2 protein chains.
Amino acid sequence: MVTIKDVAKETGVSPSTVSRVIADNPRISPDTKQKVREAMERLGYHTNIHARNLVAKSTKAIGAIMPSSANKALQNPFFPEVLRGIGSVIHERQYSLTLSSGETEQEILEEVQRMVFGSYVDGLILLYSRVEDPVVAFLEERDFPYVMIGKPFDRLEEITHVDNDNFMAGKQITNHLIARGHEKIAFIGGSKDLFVTRDRESGYLAALADADLPHHEDYVIHTEFLKSGGKEAVEQLLSLPIRPTGIVVTDDLMSLGVLSTLEESGVQVPGDISLVSFNNVYLSEITRPALTTVDINIYELGAQSARALIERTVDKTIPPKRIIVPYTIIYRGSVKEYP
Amino acid sequence: MVTIKDVAKETGVSPSTVSRVIADNPRISPDTKQKVREAMERLGYHTNIHARNLVAKSTKAIGAIMPSSANKALQNPFFPEVLRGIGSVIHERQYSLTLSSGETEQEILEEVQRMVFGSYVDGLILLYSRVEDPVVAFLEERDFPYVMIGKPFDRLEEITHVDNDNFMAGKQITNHLIARGHEKIAFIGGSKDLFVTRDRESGYLAALADADLPHHEDYVIHTEFLKSGGKEAVEQLLSLPIRPTGIVVTDDLMSLGVLSTLEESGVQVPGDISLVSFNNVYLSEITRPALTTVDINIYELGAQSARALIERTVDKTIPPKRIIVPYTIIYRGSVKEYP
DNA sequence: CTGTTAGCGCGTTCAC
DNA sequence: GTGAACGCGCTAACAG
């Protein structure tokens with residue numbers, strides 16, 4: 001391994017001078033810099049991060065924490081996409097990205113502790129937002145830099161987070177259905193404990209209220225993500241005396257399940273029932289019909305969180321902030337004028 | 001930050017003793033160990049990896065390298081799934097996982113160099129296999145531990161890699177179609193430069209030959225992954241004077257495109273055309289009809305590669321090996337007896 | 001502008 | 001069984 005000393009010897013300067021050249025210290029003469037850089041190149045010098053980190057107390061690395069049920073979570077195209085966003089800025093800033101997951105909550109907490117205490121990383125991105133998350137508690141207690149994708153359970157103003165305006169998105173996409181003549185609109189969401197669900201649901205309700213449309217409790221269903229959930233939800237909906245003509249689904253993956261169950265039941269989409277969805281994951285343009293869905297800009301969610309985090313790790317005094325990533329509605333074939 | 005010295009002071013022993021306790025050195029008396037461990041606990045000691053790595057020359061970290069077109073690649077559910085597999089053993093062995101990607105080939109090569117030279121990681125997993133990969137060349141030249149998922153371009157015996165028996169899988173799944181009475185069977189694969197495609201195609205051809213079925217060149221189509229490719233392929237197939245009654249598709253994602261295009265064209269699956277696919281990504285049970293597909297055990301692909309890599313990093317003298325992960329055929333609804 | 005010195009936190013001799 | 005001393009590769013004062 002070529003060290004700073006080797007380069008120093010080769011150039012006839014001291015190790016610290018070489019170090020300064022690496023840091024591009026302005027007080028080093030251009031000549032020396034030139035000379036040293038040539039030698040580094042020639043010898044194939046590369047700085048050893050561990051030596052650097054040991055003294056510099058900064059790792060230029062950040063960690064991404066997966067939800068505990070990494071099992072199911074990673075099935076959602078959402079994650080690769082956030083990772084892609086995070087990766088892009090990580091790469092651009094010459095940082096490293098450490099991925100961390102665990103089967104249980106306890107495991108992931110331990111992982112996080114290991115990373116924090118061992119100073120593996122300068123900061124953490126939480127790829128999920130849970131109620132009463134011990135990881136958050138730990139991070140807060142240690143005052144360790146982190147940002148969260150989604151909405152914090154509490155202390156909204158104290159935790160830097162990156163989110164969409166899910167209320168507005170929910171409202172707007174519901175309005176789309178209303179504008180197309182639909183009056184009996186159902187809502188299928190994930191767990192009530194998730195803020196995404198809550199916010200989108202509130203938006204949905206607001207849209208109904210604004211349009212003076214009645215709100216049937218039977219039309220709001222909370223279920224698990226993925227097919228099973230989607231199927232159950234649809235079955236419930238179809239068994240109702242008065243079927244909805246439009247459905248708002250909070251996740252493309254769920255929509256997939258909804259779609260297939262609908263088709264199995266001989267219900268045409270959008271002929272009999274119109275569907276709008278969320279996320280605009282690649283799936284949504286592949287289904288038949290392609291989904292009208294809210295593009296929440298997952299990539300940006302990742303990129304912004306990485307930016308915010310790096311900012312914070314560089315300057316710890318930067319106050320926490322909330323970043324709202326704009327959404328766009330992508331109109332495709334799953335909605336039809338009613339009747 | 002609590003260091004080894006603090007613990008030493010607290011316990012009244014020397015730093016080296018503490019160090020030995022951490023390493024669980026057998027020559028330390030149980031009493032001292034007990035005492036020291038209590039102090040570590042009490043003080044909240046955690047070893048600083050950078051200091052450790054600096055002297056130990058091992059990082060207990062491995063890196064996963066994404067394909068250069070991380071853009072598209074991450075859209076395939078394949079990746080999250082391998083990552084999940086890798087993550088599980090990483091976690092189990094208390095290693096860390098660093099994710100690395102880049103837009104261009106050049107960028108990813110630079111990333112790899114940075115990781116290798118800066119001794120960020122003990123080894124690397126290549127999540128893709130490309131022809132004439134400069135990354136492989138670099139790694140070989142430096143004799144840096146790595147394993148590849150898929151099949152190496154050359155030097156098969158010198159590169160540790162984890163793969164499926166794609167030839168047999170291709171043959172067997174084609175045989176399934178044949179056994180169900182199909183004789184006009186088409187093949188839709190990805191780029192010819194990919195070994196996955198080649199191997200599966202060879203298997204397909206072998207099955208045809210074994211059954212004395214004629215092989216039409218028009219029935220073999222190479223195209224890009226994802227919808228566009230799938231659509232084009234299907235369009236070509238449908239325009240043929242004699243349409244196939246069965247199709248072998250090498251990727252579930254492609255199958256999705258194939259399916260939808262078929263439906264758009266009013267062709268029933270499996271009524272008119274039967275479909276078999278590869279990967280058994282969650283998608284395949286969601287589509288309508290659900291896909292009969294080869295489960296290549298992506299998770300295992302990841303887990304095994306991580307195991308093999310860690311083994312190699314621990315003992316560099318371990319000879320390269322090829323690991324074949326078994327596949328299973330999952331029978332679902334996309335195949336029907338012909339006629 | 002540049003060299004010298006002194007650690008960063010830990011593991012590893014080599015003594016005792 | 002345990003301590004003292006040294007060095008891993010690098011950066012950061014302090015000199016000059």
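Computed from a predicted structure; not experimentally measured. Order of the sequence lines sets the chain letters (A, B, ...), proteins ahead of strands, with each chain counted from 1.
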Residues of residues 3-10 of chain B with a heavy atom under 4.0 Å from any atom of DNA chain C, listed by number, are Thr3(B), Ile4(B), Lys5(B)
*Residues Lys33(B) and Glu38(B) bridged, charged N to O under 4.0 Å*: no
If each end axis of the helix from dC1(C)-dG16(D) to dC16(C)-dG1(D) is fitted on five C1' pair positions, the angle between them, to 10 degrees, is 40°
What residues 13-28 of chain A contributes to the DNA chain C interface at heavy-atom separation below 4.0 Å is Val13(A), Ser14(A), Ser16(A), Thr17(A), Arg20(A), Arg27(A), Ile28(A)
Without hydrogens or angle criteria, can the side chains of Ser19(B) and Ser16(B) be said to hold a donor-acceptor pair below 3.5 Å?
no
Its 5'-most and 3'-most nucleotides having an atom under 4.0 Å from a non-hydrogen atom of chain A, DNA chain C is contacted over dC1(C) to dG9(C)
Scanning both residues in full, the closest heavy-atom pair of Asp163(B) with Lys151(B) reads OD2-CB, 3.6 Å
Assess the pair Phe117(B) and Phe138(B): is the distance between their ring centroids shorter than 6.0 Å? yes
Atom CE of Met1(A) and atom C1' of dG9(D) are separated, to the nearest Å, by 9 Å
* Asked: Are Thr59(A) and Asn53(A) close enough that a side-chain donor and a side-chain acceptor fall under 3.5 Å?
  -> no
Contacts of Lys33(B) and Lys57(B) projected onto DNA chain D by closest heavy atom; the upstream (5') one is Lys33(B)
Query raised in the report: Do Tyr128(A) and Asp133(A) have side-chain N/O donor and acceptor atoms under 3.5 Å apart?
Result: yes
Correct closest heavy-atom pair for His161(A) and Leu156(A) would be CE1-O, 3.4 Å
- prompt: Can you find a side-chain donor-acceptor pair between Thr32(A) and Ser29(A) that sits under 3.5 Å?
  reply: yes
Q) Between the side chains of Tyr299(B) and Ser88(B), does any donor sit under 3.5 Å from an acceptor? A) yes
Test side chain to side chain contact (heavy atoms under 4.5 Å, CB included), reference Val82(B), set Ile125(B), Val162(B), Ile149(B), output is Ile149(B)
Problem set entry | Salt bridge flag under 4.0 Å for residues Asp24(B) and Arg37(B) | yes
Applying salt bridge (Lys or Arg N to Asp or Glu O under 4.0 Å) to Arg307(A) and not counting sequence neighbours gives Glu300(A)
Rounding to 0.5 Å, atoms CG (Leu99(A)) and OG1 (Thr98(B)) come to a distance of 9.0 Å
ask   = Hey, what's the ring geometry for Phe195(B) with Phe153(B), parallel, tilted or perpendicular (30° and 60° as the breaks)?
value = tilted
Residues in residues 39-49 of chain A with a heavy atom under 4.0 Å of DNA chain C, by number, are none
TODO: Output yes when Arg114(B) and Glu111(B) qualify as a salt bridge under the 4.0 Å nitrogen-oxygen rule, no when they do not.
DONE: yes
